[in-house]
Structure formats: C-alpha cells, structure tokens
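Because only heavy atoms are used, hydrogens play no part in the values below, and waters and symmetry mates are left out as well, while side chains stay in. In each ligand, atom 1 is the first atom listed, and ligand 1 is the first ligand listed.
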Amino acid sequence: MNLENVKRVDPQIATAIEAELDRQQNTIELIASENCTSLAVMEACGSVLTNKYAEGKPHKRYYNGCEHIDVVEELAQKRACELFHMDHANVQPHSGAQANMAVFMATMKPGDRVLSMDLSNGGHLSHGSPVNFSGLYFDVKSYGINEYGEIDYDEVRKMAIEHKPKLIICGASNYSKIIDFKKFREIADEVGALLLADIAHIAGLVAAGLHPSPAGYAQFVTTTTHKSLRGPRGGIIMCDEQYAQAIDKAVFPGMQGGPLEHIIAGKAVALLEASKPEFKEYAAQIIKNAKALAQGLMDEGLDIVGGMTENHLMTLDLRKTGKTGKDMANVLEKVGITANKNTVPNDPQSPFVTSGIRLGTPAVTTRGFKEEDMTEVAKIIASAIYSSDNEVALNNLRDRSMKLCSKHPLYKEN
Ligand SMILES: *Cc1c(COP(=O)(O)O)cnc(C)c1O
C-alpha cells in the first residue's frame, strides 16, 4: 500500500495506518459485518473524485463540471439495479443507517408505525431502537426470534394485524437463517403495509444468488456496501420505479448534502466485481466456511443459537460454559481472533456483558480461508474458551492463529 505522501506530510497518521494494516494482516477477522475490500476499490475511493461537489443526481446537478462524476454515478446505479434486479437505485447514502433513514422519510411521517425485528434479537439500531432516530420519531413494534433462532412468521403476521404498521422491515444484523421475503410481502399486503428488506449483511450472498432475493417482494431494498458485498463503507437504496422520486428526494435534499463521489466510484467497482463468476465462488465459500466453523464449534461441545447456520454468520451461545460474551471476546483477541460480543435469546446478562459471541466468515474467506482452516479456527476458539485463564495455553493458541494468517496473506504486494 502506497503511503508515501501521508508519510511525508503526516507521519503520525501514516504510522497508525501502517499499524492497522499490520493488525488486519495478523488477525483472524470474524466480525460478521467486516470484510477486506479490493485494492481496485481502495484506489477508486482514494481518487480525485473526492474533490467534487455534485449535489443532485446525474444530469440534474446543482454544480457545474459534473460530466465525469455523472458517468461514475450512473454506472454505479446501473450495476446495482442489474445485480439486485431492482428498478431504481440511489447510490448516495453515506451509510446503511442513512439508507434506512431515507426510506423512513420517503414512506412515513413522524409518529407513524413500523414493525421490525428487535435489536436484542438481531435487528439493527436503525430499525427502531429507542436511542436511534427511528425509535425517537416513529412508533415501533418489534418481533423477535424463537428458541430455534428463527423468525416466527405467524407471530409477525399476528403483530401486523394487531398493530397495522405503515412499514414492515425485514433483514437483520444477526440472523443465521434464510429470510422468507415472500412471506413478509404477503403479511405486508394483508395489512396494507410497505415492505423494506434491509439486506446489509447478506447482500453478497443475494448478489451471488445464494440467498433468495427480495426483488419482486420488497418495494424497498437497502444495503450497506462494505459487508458481504465487499465494497467501500456506504449504503445503497433500491426501490420500485413508483417510489424512485420520493427516495431520491429523501436522500437529497432530505438528509444529505453532497454525495461522496469517490466512495460511489468504489461502490461501482465493487458492484462490477460482485457480478463476476469469481464472486459467486467467493460467496459460496463464505457459506461453506460458516458451516464448517459452526460444525467445528459444535463438535467441540459448544452451542450455536439455532444450530447450523444457513448464511455467513452464527452466534456462539456461551451460557452452559459459564463464561460471558464480553470476557470471551477479549480472550479471543488475545489469541489473534477478532469478534464481537452479542446477546443470545433470553440472555440473562446485560447487553454490555452478554452470553454470546457473533462470528462471521466474509473477511477470512476473502483472504483465502477454506473449510479445513475453519475447523482449525473452531478448535482455537473452543480451546481459548475452555482454557481462558491459562496464559501459556493462550499463547500457544495465538501461534496457531498466526500460522493461519501467514498461510493466507492479506494485501501482500508481489
Ligand atoms: C450494518 C447494518 C446497517 C447499518 O450500516 P452502517 O453503514 O453501519 O450505518 C443497517 N442495517 C443492517 C441490517 C445492518 O446490519
């Protein structure tokens, strides 16, 4: 990675960036929402496009000199529509949360009712958490998951009939089963609600055709671009043609000023990459790796919420080990594995402590991990949990993690 100019101008920042690169290279990244984007994406994001103001949309800008920016943004829009089979795409949201905010703004007035998945059951902050705009300005009813780690569609239907929401949201930050978009649409139609599918986590799997698509079911589809889709940090909103104008107005001038066109260029590159056969193979390997990891952990006597995963992630349920998510996430960090603590259904611990750890495979799959590597990762995780107080054992486990990292180098220029 070329940091020549940063090094010259700002050595402190250069040092921090280099240290972060080293951390990424020498850590097994199992945070389910993270990934390692391509050098092509990073170059686009680091380009001169960052200099340009381009409020408005292609060919309808408030600033002059946008002819090349228009090419970039139109390519990103076209690729998003083709990849996800949707009519319209707005590629300007700065993040996934802002993409959702724009859908709220385009479809509801403050005080209107929304039905979404509860945060502690795997939903996202921006789906109606009381500390988020969505919960502060809207009337939120939430559904959860059952003891099998699944959405109970009969329960969702009952709640929809009882509460008559204007908008129903499906899609989660921590859900390991296939989402039935068709069922959600039937429920939404039955009560006259609109459906938003937030595919932030599973976008890469949907793009590869390895998770059912919400196209044809959800009027609105939001996603982040930096999770399994492996692009730069950011969001995209897609929708049926009839809502295109409302969505575009909600993004600008509703919530944002100038779009980040350098990031939009990175999104365009990532969308192109995601349309290639190699990406299908990559996404298939993400799922194979998640299944191998889950199987490995269960073989070591650990519990997974809902049992075998159907996508890229899972939650380790630590209740029977007597350990907490907070402590074990810190122990994993000691052995070279990054993951985040997470609540499990009916968690006896507070959301700050938790009894679970969320694990995902998009990032390690990018650096080339295969099933046998995931089995080794499962053994390292289990041993770390079982011998969390034994510093010698933890040091040995860290060596095993480092072996896997050097077997599958990341961002090594050749
Ligand atoms: C990650 C995520 C988001 C938010 O993305 P940010 O870019 O962090 O704002 C929204 N929805 C879901 C389901 C997510 O998992």
Original post:
ligand 1 and Ser173, any nitrogen or oxygen pair closer than 3.5 angstrom?
Top reply: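 For ligand 1, there is an N or O atom that lies under 3.5 Å from one belonging to Ser173.
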Original post:
Hey, looking at atom 6 (P) of ligand 1, which of Ser33, Ser126, Gly96 has the closest heavy atom?
Top reply: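 Ranked by closest heavy atom to atom 6 (P) of ligand 1, first place is Gly96.
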**OP:** Would you mind finding which of Arg233, His124, His226, Lys227 brings a heavy atom closest to atom 1 (C) of ligand 1?
**Re:**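 Answer by nearest heavy atom: Lys227.
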Counting each atom of ligand 1 from 1 as listed, which ones have a heavy atom of [X] under 4.0 Å away?
| X | answer |
| --- | --- |
| Ala200 | 2 (C), 11 (N), 12 (C), 13 (C), 14 (C), 15 (O) |
| His201 | 15 (O) |
| Ala172 | 13 (C) |

Original post:
So, is the end of the Arg230 side chain (NZ or CZ) under 6.0 Å from the ring centre of Tyr282 and within 45° of the ring's axis?
Top reply: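 Yes - Arg230 lies over the ring of Tyr282, closer than 6.0 Å to its centre and within 45° of its axis.
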**OP:** Tell me whether the guanidinium CZ or amine NZ of Lys341 lies under 6.0 angstrom from the six-membered ring centre of Phe352 and within 45° of its axis.
**Re:**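 Judged by the rule (NZ or CZ under 6.0 Å from the ring centre, within 45° of its axis), Lys341 counts as positioned above Phe352.
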Original post:
Taking the six-membered ring for Trp, are Phe184 and Tyr153 parallel (under 30°), tilted (30 to 60°) or perpendicular (over 60°)?
Top reply: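 Geometry flag for Tyr153 against Phe184: perpendicular rings.
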Subject >> Parallel, tilted or perpendicular: ring planes of Phe104 versus Phe133, cut at 30 and 60 degrees >> reply: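 Answer is perpendicular, since the angle exceeds 60°.
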Original post:
Would you say Thr224's side chain and Ala200's backbone share a donor-acceptor pair under 3.5 angstrom?
Top reply: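 It does hold such a pair.
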Original post:
Backbone N or O of Gln242 within a donor-acceptor pair of the Asp240 side chain at under 3.5 Å?
Top reply: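 No: the side chain of Asp240 does not pair with the backbone of Gln242.
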Original post:
Out of curiosity, is Gly171 lining ligand 1, as in a heavy atom under 4.0 Å away?
Top reply: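 No, Gly171 has no heavy atoms under 4.0 Å from ligand 1.
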Original post:
Any idea which part of Ser95 is under 4.0 Å from ligand 1, heavy-atom wise: side chain, backbone, both or neither?
Top reply: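 The part of Ser95 near ligand 1 is both the backbone and the side chain.
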